A.B. asks: 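Have a look at this one.
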Amino acid sequence: MSALSVKHLLGIKHLDRSDIGLIFSTADNFSTILNRQIKKVPSLRDITIANVFFENSTRTRISFELAEKRLSADVVNFSASSSSVSKGETLLDTVNNILAMKVDMVVMRHPHVGACHFLANHINANVINAGDGTHEHPTQALLDAYSIRKRHGRVEGLNVLIMGDILHSRVALSNIFCLLKLGANVKLCGPPTLIPKNIESLGVAVEYNLDAALAWCDVVNVLRIQLERQKDSYFPSLREYARYYGLGLERLNRLQKEITVLHPGPMNRGVEIDSRVADHPRHSIILDQVENGVAIRMAVLYLLASDPATF
Amino acid sequence: MDVIFKNAQRVGPKGQPEKVHLHIANGRVAYIGHDMPNHAAEMVDTKGAFFSVGWFDPLANFCEPGLEHKEDIESGARVAIRGGFTRVGVLPDTDPVLDSNPQLAYIVERSRGVLPHVHVLPSFVKRGNHGELSEVLEMEEAGALAFAQPRSVMLHSSVVLKSMEYLRPTGKRLVLYVNDKKTVPGAFVHEGMANVQMGMRGIPDFCEEVLVKQYIELLRYTQSSCHLSGISSRKSLPYIEKAKHEGLDISCDVSVNQLLFNEYHVLGFDTNYKLEPPLRSEDDQLALIEAVKSGLIDVVTAQHQPHEADAKRTEIHLAEFGVIGLQTVFPLLCQVFSVEKAVEILAVHNRRPFGVAEKGLNVGDEAEITFYMPDTTWVFDEAANESKSANSMSMGKLLKGKAVGVVAKGQFAWYG
């Protein structure tokens, strides 16, 4: 198989296992290229990609932009702060205006759930979801799983813990879909106010005791606590959160086993993750995730652009 | 009006179809029977169309005044009459909210020249959501059918209590919505299985249950009359059943959309499935269907909520709630119930809680008749749609069952 089963990357939910396998094997090739002296390939020459970000992002935007440039695509960047969105223009108008400039692909981040589905239903270009509200962030989940695969040689059969704010996290949902499709066992841990009701229906387990959850897992993906949530009283204080749901080195040392630590960033050091864990040479693969992110995004862009059904 | 409708069919006392001819003269039913009347100015061959007492939807939005870009009284009336309705009740969700006698008089005046008959349900609270009662006695005297909560207003229980007490002597129903917007702010889908897959917070069904219980307690205390609108959860049903058993003057409705769809229809982020109350689980859907069959749920509405394209063609968070439905409610009901049951709901059940007499088919009555073809298939498309708005999940779909003619207010509206 050499093509994806989808025209857009809206969510992991719509991919099948062979799609993910294809993205990974393509990323392997790009990963090799990225370690060469000349890192650029001409694969997407003459393709114009718009990065449309209606929400702040640093690493995702830069990662996409780098991936696009490594593939020789022409890139335009659009962010809400410098746009006409603040003047009341609708999402559809904004993107149609960009498309009128003959853009082939749109990478979009948006604060509203389903915004990328809406866009894909109304425009002809390929749409890549770079995060839509609390729904999905598919390339993050792909690079997380890809990083786990690189470290462990497999994803299937591994016990993966996702801890933190599951309720407001698009990373969590995409990770759940992705890891389950690849055959991992998935458990969630966090304060009950930040775990969505009925989440077990997706095929995951929930554990409120972090030590018990860590004892079970091979890999832990630590999600960021959005500091603004604290004023909504989902938990009493950052201090209490760090004590009961923070990943400290002492906790890890008590386990007497090595587990792999991921974090999609940006990190709140000292809240959900201890600096000594984040920077730990053996446990942490957080910077590997960033590196793999470029290869994964190159793979996604390349596969969507080269789908014969698309162009 | 002097018309003979020949070769029509009615459902006989044992459920068997019976071919008859109808003669309507001077706006009244002059004859129904097997013999062909001698003469009339106009002759319509119905070619076997069925007919019943005219259909009624008590809770629709015609959006006038203030929101005429969505619908107005003329367009709303056209929609209703094409959907087979001889009577419609209009809600106070206008701009400004319909809460005073001059506004009521305006609607009465504007709808004088249109078919079908337009009933008005003004708001029982004044605009601005400060909890002040509107002048309901004056509006009752001017012909208000019942009094409704505006959708934009969240009611405090003290206001409901006051309103029930004040309205009790009139016997008019207080229409109250049972969808709670306060417990999970910002949520607009059901809390179940589908919202988890969409990463969205949902509204738990207990929110509705709490409101239903509260309103029933207030009703028991005041011994007034109320109508709970938009039942969406199985959990609400036992409370309503008990209240009815006790003899409380309570009625309730469900929208046809709740009977056809469930939470999973929202998965594709289609804004037409963004409804208020939200589409709930399949289990709720099945319980609601059974409750309509048993008569526990009195009324089925189209929940006609027109919106301009831009209000729906946007991110689901920003989209308005609701769909149009008066033109499609009959074929949609036929997908859930037998044709006979669908007609019984629209012609008979929808009238009862609001005291609208089941008249229009006996000799001497002012004629009020709906003709329908149960087996006719048609596409509800732009050409067929009479509304100013097109927000409907049925748009472009092939439907089975169609209203084919209406006599309303003693006048021949259309046949075709």
Side-chain angles (χ1 to χ4, degrees), chain A residues 10-14 54 85 88-96 108 110-122 129 131-138 141 165-177 180 188 193-204 206 232 234, chain B residues 182-207 209 233 235 262-275 278-284 307-321 390-391 393 395-396:
Chain A
L10 303 178
I12 302 289
K13 191 166 65 183
H14 310 293
F54 290 94
V85 172
E89 192 172 70
T90 66
L91 169 62
L92 194 57
D93 281 335
T94 305
V95 177
N96 272 333
M108 185 169 84
H110 197 279
H112 289 154
V113 167
C116 293
H117 284 73
F118 168 71
L119 200 63
N121 285 336
H122 288 91
N129 182 359
D132 61 333
T134 53
H135 181 219
E136 283 224 42
H137 188 356
D165 181 357
I166 313 293
L167 184 67
H168 300 100
S169 175
R170 52 191 167 218
V171 176
L173 195 58
S174 284
N175 256 282
I176 291 169
F177 287 136
L180 291 176
L188 310 175
T193 45
L194 292 177
I195 306 268
K197 198 164 166 66
N198 301 329
I199 192 85
E200 296 89 342
S201 66
L202 299 180
V204 300
V206 176
D232 295 335
Y234 284 100
Chain B
K182 287 182 265 188
T183 309
V184 189
F188 56 86
V189 295
H190 170 60
E191 181 184 87
M193 302 302 161
N195 72 306
V196 177
Q197 295 182 37
M198 297 192 291
M200 289 163 100
R201 296 208 70 185
I203 307 170
D205 50 12
F206 80 82
C207 292
E209 191 186 351
S233 161
K235 286 185 175 168
N262 58 47
E263 54 173 336
Y264 288 103
H265 287 86
V266 196
L267 274 180
F269 299 100
D270 182 342
T271 54
N272 281 326
Y273 294 100
K274 181 178 178 182
L275 303 172
L279 292 169
R280 295 204 181 268
S281 69
E282 196 182 354
D283 178 58
D284 290 312
H307 291 298
E308 71 280 17
D310 288 341
K312 280 293 199 181
R313 206 175 57 155
T314 183
E315 301 95 299
I316 197 162
H317 260 85
L318 305 176
E320 297 273 7
F321 289 96
N391 51 313
M393 56 284 259
M395 193 53 74

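Residue numbering restarts at 1 for every chain, and letters A, B, ... go by the order of the sequence lines. Here the structure is a predicted model, which means the values were calculated and not measured.
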A.B. asks: Give, as side chain, backbone, both or neither, the part of His135(A) having an atom under 4.5 angstrom from any heavy atom of chain B.
C.D. replies: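 Interface part for His135(A): both.
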A.B. asks: Within the supplied structure, the quantity of interest is the number of heavy atoms (other residues, nucleotides, ligands) at a distance under 6.0 Å from Glu282(B) CD; does it exceed 12?
C.D. replies: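 No, because the 6.0 Å sphere around CD of Glu282(B) holds 12 heavy atoms or fewer from other groups.
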A.B. asks: Is Gln197(B) close to Tyr264(B) at the side-chain level, that is, under 4.5 Å between some pair of heavy atoms?
C.D. replies: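 Side-chain contact under 4.5 Å: yes.
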A.B. asks: Against chain A, label Arg313(B) side chain, backbone, both or neither, depending on which of its atoms sit under 4.5 Å from a heavy atom there.
C.D. replies: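 For Arg313(B), heavy atoms of backbone and side chain both lie under 4.5 Å from chain A.
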A.B. asks: Ring pair (Phe, Tyr, Trp, His ring centres under 6.0 Å), that's the test. Do Phe188(B) and His317(B) meet it? Break it down for me.
C.D. replies: CA-CA 8 Å; Phe188(B) 56 86; His317(B) 260 85; 5.3 Å; yes
A.B. asks: Just to verify, which of Ser281(B), Ser233(B), Pro278(B) counts as forming a side-chain contact (heavy atoms from CB on, under 4.5 Å) with Asp205(B)?
C.D. replies: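 Result for side-chain contact (heavy atoms from CB on, under 4.5 Å) with Asp205(B): Ser233(B).
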A.B. asks: Check whether His122(A) reaches the backbone of Leu119(A) with its side chain - one donor and one acceptor, N or O, closer than 3.5 Å.
C.D. replies: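 Checking the backbone N and O of Leu119(A) against the side chain of His122(A), no donor-acceptor pair under 3.5 Å is found.
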A.B. asks: Taking side chain as everything from C-beta outward and backbone as N, CA, C, O, which of these in His168(A) sits under 4.5 Å from a heavy atom of chain B? Side chain, backbone, both or neither.
C.D. replies: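 His168(A) has no heavy atom closer than 4.5 Å to chain B.
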A.B. asks: Using heavy-atom distances under 4.5 Å, tell me whether Lys197(A) contacts chain B through its side chain, its backbone, both, or neither.
C.D. replies: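 Lys197(A) touches chain B through backbone and side-chain heavy atoms alike.
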A.B. asks: Below 4.5 Å from any heavy atom of chain B, which atoms of Leu92(A) appear? Answer side chain, backbone, both or neither.
C.D. replies: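 Side chain only.
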